[in-house]
Amino acid sequence: MTLDEKLRKPLSEIGVTSAEQCQSLFEELNQRLQEDSAAARSSAKVEGFRIDWLGRKNGRLSLLSDNWLKAASSQLKPVVGKLLNGLRIEAEKRLNELMAETKGKIEVRVEGNLDQWKGEVQTELRSVPDITLPGLSHQFGAKHPLTLVREEIEEIFISMGYTVEEGPEIETAYYNFEALNTPENHPARSEQDTFFIRDGGAGRDELLLRTHTSPVQIHTMERMKPPVRAIVPGKVYRRDNPDATHTPMFHQIEGFAVDVDISFCEFKGTLEYFLKAFFGPEKRVRFRPSYFPFTEPSAEVDISCGICGGTGRVGQGIPCRVCKQSGWVEVMGAGMIHPAVFQYVGYDPEEYSGFAFGLGLDRYTMLKYNMPSLDYFFNNDIRFLEQFK
Amino acid sequence: MKISYQWLRQFVDVPVEARKLADDLSMAGLPVESIEAHDDDFLIELELTANRGDCLSHWGVAREAATIYQLPLKAPQIAFQETNPPVNESATVEISDPDLCYRYCARVVKGVTVAPSPSWLVRQLEAVGQRSVNNIADITNYVLFELGHPLHAFDLDRLTGRKIIVRRAKTGEHLTTLDGVDRTLSTENLVIADAARPVALAGVMGGAESEISTLTHNVLIESAWFLPTSIRKTARTFGMHTEASHRFERGTDIENVVTAMNRCAQLIQEVSGGSIQRGFIDCHPTAVTPPELVLRKAELRRHLGIDVDSEQVDRILSSLCFKPVVTQSEGKTWHTPTWRNDVTREIDLIEEVARHYGYNKFPPRLLRTSTLGQNLPAAAPISRLKEHLAALGYFEIIAFPFLDVEEAARFTRRIPVELANPLSEVAGALRPTALPSLLEMVRRNLNRGQRDVRVYEVGKIYFRSEKRKVVERTVLVLGAAGDYRPKVLHEPQPEPYRFQHFKGDVEQALALFETPDRKFRKPENPFHTYRQEQSSDVFVDGNHVATFGLLDAALLERYKIRQNVFAAEIDLERLLARGLRRIDFRPLSPFPAVERDLSFVLSGDVSFEQVLKTISAVEVENSIEIRPIDTYQDSSLGKGNYSLSLRFVFQSPDRTLVEQEVAPQIEKVMHALETELGARIRKET
């Protein structure tokens, strides 16, 4: 009986019952393996070697596993398993060597159902790898920096119990102005150059591109009863010709909270908390009186300048350009929601109070990454975008 | 508006230096834009908010400063000699439209000498950015910056009938304003007319014909109160913005009308001589009654969160010239000064207290109750999608949504939403497709020397529905150009993007969502956006969710791109509605899997989709995966035929499969492929 004939029969049928017998049988196999390997001198012969020994269906190791190992007595099974594994490792090693000799770079696929191991072995011929050369890496893309910063801000507010809301970019004059206590011919309307929609109707239903995210305050309060805590990220539009600090489209995040127990102190505390969470706990925060038709009292919120540390000077007395020497950087318009706004949405202003704020996402991103100009965001230069990988 | 530090000190003894004053004004709600030294003075540039028209003068700012420093105000001394005959023998005033002009006062100064202004006046005006004209015009300007009320001086002798009529213009009437522009008026515009014609655009600009000149001897000083919205409308109609319109639009003090006029008369007499006629004309058909407002202690506390000491409240409000009317247990009632038209509610009084108490003295507190924070339902899927796309090598872009209407029509039948006032014609509409802006970004990056470009945008498109309603829809667009695998160290062979690569990217994006049965079909491609043979529509449950492929060469040429670009347009809202792919846990079998490969030859018109359908109809037992591993075409296979190799993976959850179990399954498959699809089996391994 040839070796190959033996492989097609269970061990018991070829009279192998002891570990010693197994041992010598495997020695015979190993001898044959070495002979075959020595004879494989062309790539075709190497492939023949692979099929003979490691072929998935009729390779010797598969046969061995199917016929000898599976049917082996419980006493012989571990012995056969161990010997088989040793032989397989030897066969793979020989094959890799053979392939390395015939090709520069090789990939060896070794498969078998001897055990659960399955996979690919990759070897490199290069004798000594230079470990200081960079490795191969997959080309990753990235989220836009405005997305990164928006998500960061959303997370801070979600952790404070805020929901995220959204609304349409094409708005009516009612939601963009009137319900925000900014009637027609209000001086505040001329400060915002508005894009109007052609054939967009007239009066309070006139269609326009929202100039701020504040209309979503109205939509949200119309839909929900207090307590409300929400932020609204979104695109807004103003009819500005593009320059370093203006683009006709930009991004705001609106936020507001309404409840029975919100005062100016909670307004201040919440915004301070957020600003320190975002810009860093060492920042100082100050509130300056201001004016928005839909808040009263209104405020501009400043943080101490991160470039000069609030001193107004950088290095040896050079005036800080980021804060124009004031030591403060304006980061928010905000205030207590005007009772008139509550009346528009049917909240009782004698019962409820709340605050609202709006921030420029683009500006926050510029501050966070110390960017000089808005252009970068909308030029979408990959050399810029890949900095945020 | 520029404020002179020295001028301000005429009205209040500011106890601090100019820079400190600037800070203090800012912190009280009068934002300072900049401060500059000017001779022995400082000029403070205020950027006042729209509600504080009352602070558009030195006197107005002085009122705030007096409150900040708790100091008394020193009003300018206004005193002069009047001369007979009384003024109403020299001129008459009539208000025809009292809904637009609540009050019109006039004084007449006779025998003036129009000349260049004295140097103190020239300097003072130049300091606040005003050019000197002549002594009369300069005085009206001076009083405007001093007291905040805009005035106008007419050459009395050029007023036909020496008569002033305040009325709406008649349609088609003309007026040449002081800037030399001939303006055609409408009934929307309030004018000052004489007996014959309009002589000034009320509250905006005077007329050239009644302008003060060196020939002027007798001057009529106008001091009036106009309705803010009317002035605003007129100024906007003519694209005009003057110091006067700026103040009238914001609302002026109806009581200041007389003070400012008297101050003007006094200074004209001092500077240019002449005699002030006795008395003044006061046409006051419509009254303005400032509100009386209750400030409840409980409301003050509810809004501000702390108890501000009552004495401090009283001091702040009194200093701002609010007058207590009644005191009750719940709080005081306050009479609002006539110049504070921004204060109409209790909450406005609360703000007055808060800003002069000091915003930064209120203790910061957090909300005491908890609520559940939640993002939008679409946020998590979109965030995962973006992370997936990043892993596939794509960069997120954000583009402006403006698009040329004609360009839009080259991509889609959707009716674009046009802008009434676009920044330019090529940005005349909102994009009804996100493909052009994506292409533009691909082009720019290629032009900048970027070799491999993979970008995507999650953004909105805008269009009108059949019923002309505006619709906003969120879409995903992908673009890829250059190499799928670039030439890099260790990998000398680059691999350019092919249809299959890009399809893989699109499939991975789609597969994030519950899209189990994706059908790929030759695209409709009505606009020849894609190269027909290398593109596809994708349907899920019969609904179109995507179109993708290699872009048409002519289209790329139009965008000046001279290389292959693949693009995909994906209806993200449809995917979001289907939700993220559900993850169903499948226990892992401890028993080995068995693989069998099957290669066969098919006619070119048989698709892989048909092969899969045929196989799934025969119910292959214990098969856990069927996957194509090779396909090629070769003359040896017969004309139009191709070879396909499939790998079958078998695995049982409860036992080790043996050959006898697997073989019949493969037989079944082979039989089905042969009989149903005419496949010729090449080999089985």
Side-chain angles (χ1 to χ4, degrees), chain A residues 57 113 116 133-134 136 139-144 146-147 154 158-164 166 168-170 185 187-188 191 195-198 200 207 227 229 239 241 248-249 263-266 268-270 272-273 286-291 296-297 299 336 339 353 377-378 380-382 385-386, chain B residues 26-29 49-51 229 232-233 249-250 302-306 347-348 351 354-355 359-360 362-367 370-376 379 386 389-391 393-398 400 417-421 423 441 445 448 450 453-454 460 462 470 472 489-491 592 685:
Chain A
K57 201 175 166 194
N113 50 10
Q116 297 296 320
L133 271 176
L136 264 175
Q139 302 296 309
F140 269 71
K143 287 180 183 173
H144 196 281
L146 291 174
T147 300
E154 283 173 359
I158 290 171
S159 78
M160 294 168 79
Y162 284 66
T163 62
V164 182
E166 63 183 348
E169 291 171 23
I170 302 172
N185 287 314
E191 288 170 10
F195 282 112
F196 291 95
I197 303 297
R198 179 171 291 174
L207 293 175
R229 293 181 202 177
R239 216 175 158 280
N241 277 304
M249 177 195 86
S263 76
F264 199 76
C265 298
E266 282 74 25
K268 283 187 63 186
T270 302
E272 275 197 37
Y273 178 94
R286 76 172 187 187
F287 292 74
R288 279 182 292 115
S290 187
Y291 169 72
E296 188 85 0
M336 302 294 290
S353 54
F377 293 135
F378 308 112
N380 296 299
D381 191 323
I382 289 178
L385 296 174
E386 71 185 356
Chain B
S26 272
M27 297 311 290
T49 52
N51 60 326
T229 53
R232 190 178 125 84
K233 218 180 276 176
E249 278 179 28
R250 281 158 177 73
R302 183 167 78 95
H303 286 279
L304 298 184
I306 57 168
I347 193 70
D348 300 324
E351 181 181 58
R355 70 185 178 89
Y359 275 13
N360 296 301
F362 292 91
R365 292 196 299 249
L366 288 175
L367 296 176
S370 314
T371 45
L372 178 67
Q374 255 181 330
N375 210 321
L376 290 164
K386 289 181 175 181
L389 290 170
Y394 285 81
F395 288 98
E396 182 182 14
I397 61 165
I398 297 176
F400 294 147
V417 178
E418 292 182 55
L419 296 173
N421 55 342
L423 277 174
M441 294 307 160
N445 272 296
R448 286 184 289 235
Q450 204 70 32
V453 176
R454 262 175 271 192
K460 280 183 174 177
Y462 316 77
V470 293
E472 299 177 22
L489 182 71
H490 312 300
E491 292 278 8
T685 50

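Worth knowing before you read on, the calculation uses all heavy atoms, side chains too, and leaves out hydrogens, waters and symmetry mates. Order of the sequence lines sets the chain letters (A, B, ...), proteins ahead of strands, with each chain counted from 1.
Contact count against chain B (heavy-atom pairs under 4.5 Å) is highest for A:Ile170 among A:Leu146, A:Ile170, A:Thr163. Residue with the most contacts toward chain B among A:Leu207, A:Ile197, A:Ile382: A:Ile382 (heavy-atom pairs, distance under 4.5 Å). By number of non-hydrogen pairs under 4.5 angstrom with chain B, the leading residue of A:Glu154, A:Met160, A:Arg239 is A:Arg239. Chain A forms the most heavy-atom pairs under 4.5 Å with one residue out of B:Val453, B:Leu372, B:Ile306, B:Asp348, and that residue is B:Asp348. Interface summary for chain A: among B:Leu367, B:Val470, B:Val417, the most heavy-atom pairs under 4.5 angstrom belong to B:Leu367. The greatest number of non-hydrogen atom pairs below 4.5 Å with chain B, out of A:Gly161, A:Pro134, A:Ser290, A:Ser159, is found for A:Gly161. Highest contact tally toward chain A, considering only B:Arg448, B:Lys460, B:Arg454, is held by B:Arg448 [criterion: heavy-atom pairs under 4.5 Å]. With respect to chain A, the highest number of heavy-atom pairs below 4.5 Å among B:Asn375, B:Ile398, B:Leu419 belongs to B:Ile398.
With sequence neighbours excluded, the residues satisfying side-chain contact (heavy atoms from CB on, under 4.5 Å) with A:Leu136 are B:Val488, B:His490, B:Glu491. When the side-chain contact (heavy atoms from CB on, under 4.5 Å) test is applied to A:Thr147, the partners found at least two apart in sequence or on another chain are A:Lys143, A:His144, A:Arg150, A:Glu151, B:Lys386, B:Glu396.
When heavy atoms are compared at a cutoff of 4.5 Å, A:Phe378 approaches chain B by way of both its backbone and its side chain. With a 4.5 Å cut-off on non-hydrogen atoms, A:Glu166 touches chain B through its backbone and its side chain both. Contact annotation for B:Asn421: both backbone and side-chain heavy atoms come within less than 4.5 Å of a heavy atom of chain A. With a 4.5 Å cut-off on non-hydrogen atoms, B:Leu304 touches chain A through its backbone and its side chain both. At a 4.5 Å heavy-atom cutoff, the contact between B:Phe362 and chain A is made by backbone and side-chain atoms alike. Contacts between A:Met249 and chain B at a heavy-atom distance below 4.5 Å involve backbone atoms as well as side-chain atoms. Heavy atoms of B:Glu418 lying under 4.5 Å from chain A belong to its backbone as well as its side chain. For A:Glu296, the parts lying near chain B are the backbone and the side chain together; criterion is any non-hydrogen pair under 4.5 Å. Of the two parts of B:Ala391, the backbone and the side chain both hold a non-hydrogen atom closer than 4.5 Å to a non-hydrogen atom of chain A. Heavy atoms of B:Met441 lying under 4.5 Å from chain A belong exclusively to its side chain.
No side-chain heavy atom of B:Phe395 sits less than 4.5 Å from a side-chain heavy atom of B:Leu389. Looking at B:Met27 and B:Arg355, their side chains never come closer than 4.5 Å, going by heavy atoms from C-beta outward. Counting heavy atoms from C-beta on, the side chains of B:Tyr359 and A:Pro297 come closer than 4.5 Å. Looking only at side-chain heavy atoms (C-beta outward), B:His303 and A:Phe264 stay at 4.5 Å or farther from each other. Under the 4.5 Å side-chain criterion, counting only non-hydrogen atoms from C-beta, B:Arg302 is in contact with A:Ser353.
A:Asn380 places no side-chain N or O within 3.5 Å of a backbone atom of A:Leu385 that could act as its donor or acceptor partner. Between the side chain of A:Thr270 and the backbone N or O of B:Leu366, no donor-acceptor pair lies under 3.5 Å.
More than 12 non-hydrogen atoms from other residues, nucleotides or ligands lie less than 6.0 angstrom from CZ of A:Phe196.
Side-chain atoms of B:Thr371 and A:Arg229 include a donor-acceptor pair closer than 3.5 Å.
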